[in-house]
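Quick notes on the structure that follows.
Counting starts at 1 for both ligands and their atoms, in listed order.
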Amino acid sequence: MTNVFKSKIFRRLPAVDELLRTAEGAALVVDYGRLNVTEAMRLELDELRARISDGALDIDKLEEALAVLPEALERRVKRAAGYSLRRVINATGVIIHTNLGRAPLSREAAERIAETVTGYSNLEFDLDKGERGRRDGHAQSLFSQLFARQGISQTATVVVNNNAAAVLLALAALAGGGEVIVSRGELVEIGGSFRIPEIMAQSGAVLREVGTTNRTRIADYEKAITERTRLLLRVHRSNFEIVGFTEQPALAELVELGRRHGIGVMEDLGSGALVELESYGIAGEPDVYSSLRTGVSLVTYSGDKLLGGPQAGLASGDPAMIERLRAHPLFRALRVDKMCYAALEATLVTYLREEYERLPVLHMLRLPAEDVQRRCQSLAHSASGLSAKVAETESIIGGGAAPGKTLPSFALSLACDGMSATELARRLRHQATPIVARVEEDRVLLDLRTVDAADDQYLSEALANLLKSDPV
Ligand SMILES: *Cc1c(COP(=O)(O)O)cnc(C)c1O
């Protein structure tokens, strides 16, 4: 293309002022503000100019681009002035999906946040004395009441930013400068760079590995105990199982060994359930109560895994030890904010009222597969132009709880002639409320166990329109 020709094309481009005067431009200004819209127009025109310079846009292609300019502008301004963190629909069937924000909060928790933080609160204020109070007193008595009901008395709980922080703080406060004995079979990495040896190094405690990957005996721990030993650590194998020729002392044996030597036992439980998982069809998984009942000095767990609350790290156990955690300088750096306390307290109150069904995580765990199947069947009718079948599948608990354990479930299995499953999945992700699905053997699976039934109508509309336009 000659330069003369190109300059003719350039002249067809509207100016920002002209665009602002169009009906669409004016409407965008009302919704997003003049500065945002002007900026988007400038960038959009720059992009068109660059494409003309490259010879990628001839006069016909430019006319096409100008015809869809209003939509392109709206998309750009929305993206720029819009939220990065958005609600999505989790149709993966992974209940505690770390990439999708782990546990959804209960209505009560969300309302409690709104109620508590839109004004001032007594976050660090003692209402009786009218003076400065302690932030770390919140949630305390709710935890104690829950534990007392299970016959566990004399515990304290401290709340920090996440479970990684709880482990770091506990190791630093209880074992900094000393040694911690861990089985080689438990030197785990948990998604997103939580590695026990690295956390240990950061805490200033020295890792004393015992046993082998598959077998560690109580005698291995006993032989490693010296005057430098500060803790025996048990780490829950959250995201893998060792099967076959394996051996691991029972937690009770570790506790007994610790008692004989006057050394505390800490268990990093990861997903801290506050219900007996057996009653949810998950066998052989410890919960926070069973850990404390066995007599560990300290158990650490996440707030946003099976507990079903906000992101938080909890350390519960011996009050004297918890006090050392509170007194450590790291505690200040790892503390949580008022929103976390508000949501955590609401979640714990739900447990105290035994209204477990109100916690989305527990509700999803308990959802009968037939209910999921029925919803899949009724949704199958709205998938126009797609091949839609109801398929048996398995939901995954996820989030480092019950590795290898799944729940029977059903999924809507979608395919489309002339379109790959990856492309279908992409279109689902680009809906107004993104829908995240699983792709298996060139079909898209929507496991409705992890979809709130209130979203079925939205899902049905999205499926009906999925092939009509190409969302970007
Ligand atoms: C998930 C998990 C962690 C990390 O917890 P975060 O709350 O993500 O920091 C640590 N240990 C175990 C055993 C876990 O399962």
* Asked: ligand 1 and His236, any nitrogen or oxygen pair closer than 3.5 angstrom?
  -> no

* To do: Answer yes or no: does atom CZ of Arg335 have more than 12 heavy-atom neighbours from other residues, nucleotides or ligands under 6.0 Å?
  => yes

* Can you find a non-hydrogen atom of Lys305 under 4.0 Å from ligand 1? -> yes

* Asked: Is it true that Asp452 and Arg87 make a salt bridge, defined as a side-chain N closer than 4.0 Å to a carboxylate O?
  -> no

* Structure fact -> Among Ala166, Gly270, Ser302, closest by heavy atom to atom 7 (O) of ligand 1 is Ser302

* **Selection from Asn163, Ile96, Thr98, Thr300 by shortest heavy-atom distance to atom 4 (C) of ligand 1** => Asn163

* **Charged tip of Arg366 within 45° of Tyr280 ring normal and under 6.0 Å** => yes

* To do: Report yes if some N/O of Leu269 lies less than 3.5 Å from some N/O of ligand 1; otherwise report no.
  => no

* What distance separates His328 NE2 from Leu171 CG, expressed to the nearest 0.5 Å? -> 10.5 Å

* To do: Nearest heavy atom to atom 11 (N) of ligand 1 wins, so pick from Leu168, Asp268, Ile199.
  => Asp268

* When Val158 is tested against each of Thr300, Leu334, Leu325 for side-chain contact (heavy atoms from CB on, under 4.5 Å), which residue passes? -> Leu325

* **Spacing of CG belonging to Leu412 relative to NZ belonging to Lys389, to within rounding of 0.5 Å** => 11.0 Å

* Structure fact -> One finds that the ligand 1 atoms under 4.0 Å from a non-hydrogen atom of Ala164 are 5 (O), 6 (P), 9 (O)

* Near Arg102, which atoms of ligand 1 are under 4.0 Å from a heavy atom of that residue? -> 6 (P), 7 (O), 8 (O)

